[in-house]
Amino acid sequence: MKEYLTSYHHFLHGADYNPEQWIRYPGMLDEDIRFMKDAHCNVMSVGIFSWFILEPEEGKYDFAFMDQVVDKLSEHGIKIILATPSGARPRWLAERYPEVLRVSRDCRREKYGFRQNHCYTSPIYREKVANIDRRIAKRYQGNQNIILWHISNEYGGECHCGLCQQAFRTWLRDKYGNDLDRLNDAWWTGFWSHIVTDWQQIHSPTSIGEPDYVLPGLFMDWKEFITWQTTSFMREEIAAVKAVTPDIPVTTNFMGPYQHLDYHFMKRYVDVISWDSYPSWHSERGDIVEAYSIAFAHDLHRCFHHRPFLLMESTPSNTNWFDICKLKRPGMHKLSSIQAIAHGSDSVQYFQWRKGRGGLEKFHGAVIDHRGEAKGRVFQDVREVGLLLESIDEIAGSRTSAEVAVVYDYRNRWVLENASGFQNRDKKYKRTCINHYKEFWKRGMNVDVIGLDDDLERYGIVVFPMLYSVSKENIRRIEEYVAGGGTAIATYITGYVNEMDLCYLGGFPGGELKEVFGLAAEEIDTLYETDRNTVRFQNRVYGAVDYCELIVPTTAEAIAFYEDDFYAEKGAVFKNEYKRGTAYYIGFRDSGEFLAAFYDTVIRRSALKYYDLPYGVALHTRETKGREYFFLENYNKFDAVVKIPENIRNLETGKEMYDSIVVKGYDAVIGVRSVAGG
Ligand code: GLA
Ligand code: ZN
């Protein structure tokens, strides 16, 4: 496998560059390039919203402005990530071809406006997009400065138009082998007499017809179809540019654990993974919570291809769209950027280069603000990151290896959150995954965040938080993993239903999971916010909130016990030795401290490498031939002293660091050491 993501074997540092907004301001381009050099930027993403300037009228093309941008950037050695402009369409397109406009959930055709809201089925939209994509590719074919295609921008949403309905029906016919009986069975349509007798009767879930939650099978197929259809749209765009420039890799910017598309499917069709990360530093929930939540998302993206990714967008200061648009405290920009690198990013890029004068995003942080000078705190922060990336350039391309994985599965999230039952206000799937992840994060362990279909065998521990929905095939894979010597950790609400939200018969968790975990979950108690139970584990008592499962063990041994209510004294957490492995089952939701004690026991027993770190300090590593890089990140305001057994050399200062390493508040230290076997 290639080490680097693009033909440019360095860290990337740059921004979305939208100069077409400044067409009435001559001289801006030259000024921008001077500032870019000053900020130590080496890449710009261009053309993301440039459709109108390239094709102001149907079939009339004008590349003059874009030529200038591409030429100037190229002359100055600033690499280009070239975008396809499908995210926002010109007015003429919607005016002439209303079918490109989306039909919303209430079954109304939208008017022109906004962005990323086209019908992804419309043959006309697909044709017009492929056409402009091809023309852009042809125009800049051969420009060695273009290192990557940025396909569209943040795909998302859904369309309920007639074309989409037909495409959905065709997709269903294919999935169910043209057999309505199979579909009725999978959707459990005998419920409320909703049997489908003709493919034409099928309609997506809407606000005026079938809601999402009545026939979860319909909902699941619709969700899967949206991912499928969005991906098929994206693949047509990719095909259009690849036909002209087969050697330029493609990416599309993902949005973290965004719940509306299954990135575990989409990831297969792009060469490079990239994502847009907008942490809310200094918010009410605190920087440490924010740090491990964002860390989780970075790891998720790294694991899409199990190789470095790109941080395609981040803000150099604040956003314009948080409830409270707070500034980054001194040091935070650098720390946040290093965090991305620590988790496997090969870039730090921003939205955007220069603040617009008008429009929605004029107060969104940017490298150059309305003052229009290469000055000020934000500019200096960006410059500092540019210099830093140059000084640690040898890290670009290096890999991450993890012995632990946490499963975050998009399909499971859909089906769980859509299920009627348990806690209907908020089932907290993502938060639960992150809370388990945190236990490894705070011990300086690299963690892979993977999908259910990923390879499990390579990990010592795999955590499956709230794995409500699991197919028979995945049950088999989990069984194999534990049987082969792995350690699996599952929680309440595991294996209740298959991938279509049909309950497993014969008791939960379904199929062989009962043997793997050595128990049956008979009932689940859902608590009000004011309710509390407690659980005793190793002579200490911990709070239980939200969920308490009532579990009957078969071969498993109870290692923690409920203390209150009618299930007092019954087991709450179980351990089962299964074939060559071990399976733990946590039957309740922890109010905050149990997981720390539990993972302490499990990790110590596992012989996996971990560190004793001050709270709020993270440690991650990346490796390349013969070298291991250490990233020590301090998310506290105050300095921390870190003791690690390795002797490392500080990459920025060149000094050897022994014993205690001081990491300043909101700062990071990057070190390196030689390792055998390079
Ligand atoms: C997204 C988009 C950008 C911009 C930023 C603002 O990530 O891709 O075009 O709107 O949000 O934060
Ligand atoms: Zn449509």
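Residues: numbered from 1 along the sequence shown. Atoms within a ligand are numbered from 1 in the order they appear, just like the ligands themselves.
Metal site remark for the Zn ion (ligand 2): C159 contributes an N, O or S atom at a distance under 2.8 Å.
For R105 and D212, the salt-bridge test passes: some basic side-chain N is under 4.0 Å from an acidic carboxylate O. For the pair D67 and R139, the salt-bridge criterion is met [side-chain N within less than 4.0 Å of a carboxylate O].
Residue F11 comes nearest to L389 through the heavy atom pair CD1-O, 3.7 Å, listed as atom of the first residue, atom of the second, then distance.
Close contacts of ligand 1 with E361, meaning ligand atoms under 4.0 Å from a residue heavy atom, involve 4 (C), 5 (C), 6 (C), 10 (O). Using a 4.0 Å cut-off to heavy atoms of E154, the atoms of ligand 1 that qualify are 1 (C), 2 (C), 7 (O), 8 (O). Per-residue contacts place W321 under 4.0 angstrom from the following atoms of ligand 1 (heavy atoms of the residue considered): 6 (C), 12 (O). With ligand atoms numbered from 1 in the order given, ligand 1 contributes 6 (C), 12 (O) to contacts under 4.0 Å with heavy atoms of H364. Contact atoms of ligand 1 toward F49: 9 (O) (distance under 4.0 Å to a heavy atom of the residue). Heavy-atom contacts of N153 reach the following atoms of ligand 1: 2 (C), 8 (O), 9 (O) (cutoff under 4.0 Å).
Only one option out of D299, V449, L300 pairs with H343 in a side chain to side chain contact (heavy atoms under 4.5 Å, CB included); it is D299. A ring-ring contact (aromatic ring centres under 6.0 Å, His included) with Y278 is found for exactly one of W321, F322, Y350, namely W321.
Annotation for R285: atom CZ counts as buried by contact number, over 12 foreign heavy atoms lying within 6.0 Å.
If you check which protein heavy atom lies closest to atom 7 (O) of ligand 1, you get E313 OE1, 2.4 Å.
For the pair Y635/M332, a side-chain contact is recorded, criterion being any heavy-atom separation below 4.5 Å from C-beta on.
Under the 4.0 angstrom criterion for non-hydrogen atoms, R115 is in contact with ligand 1.
Here Q352 has no heavy atoms under 4.0 Å from ligand 1, in either its backbone or its side chain. Neither the backbone nor the side chain of M312 comes within contact range of ligand 1; no heavy atom lies under 4.0 Å.
Ring pair Y25/W22 is perpendicular by interplanar angle, where above 60° counts as perpendicular and below 30° as parallel.
Around the Zn ion (ligand 2), the angle linking C119 (SG) with C161 (SG) is 110°, rounded to 10 degrees.
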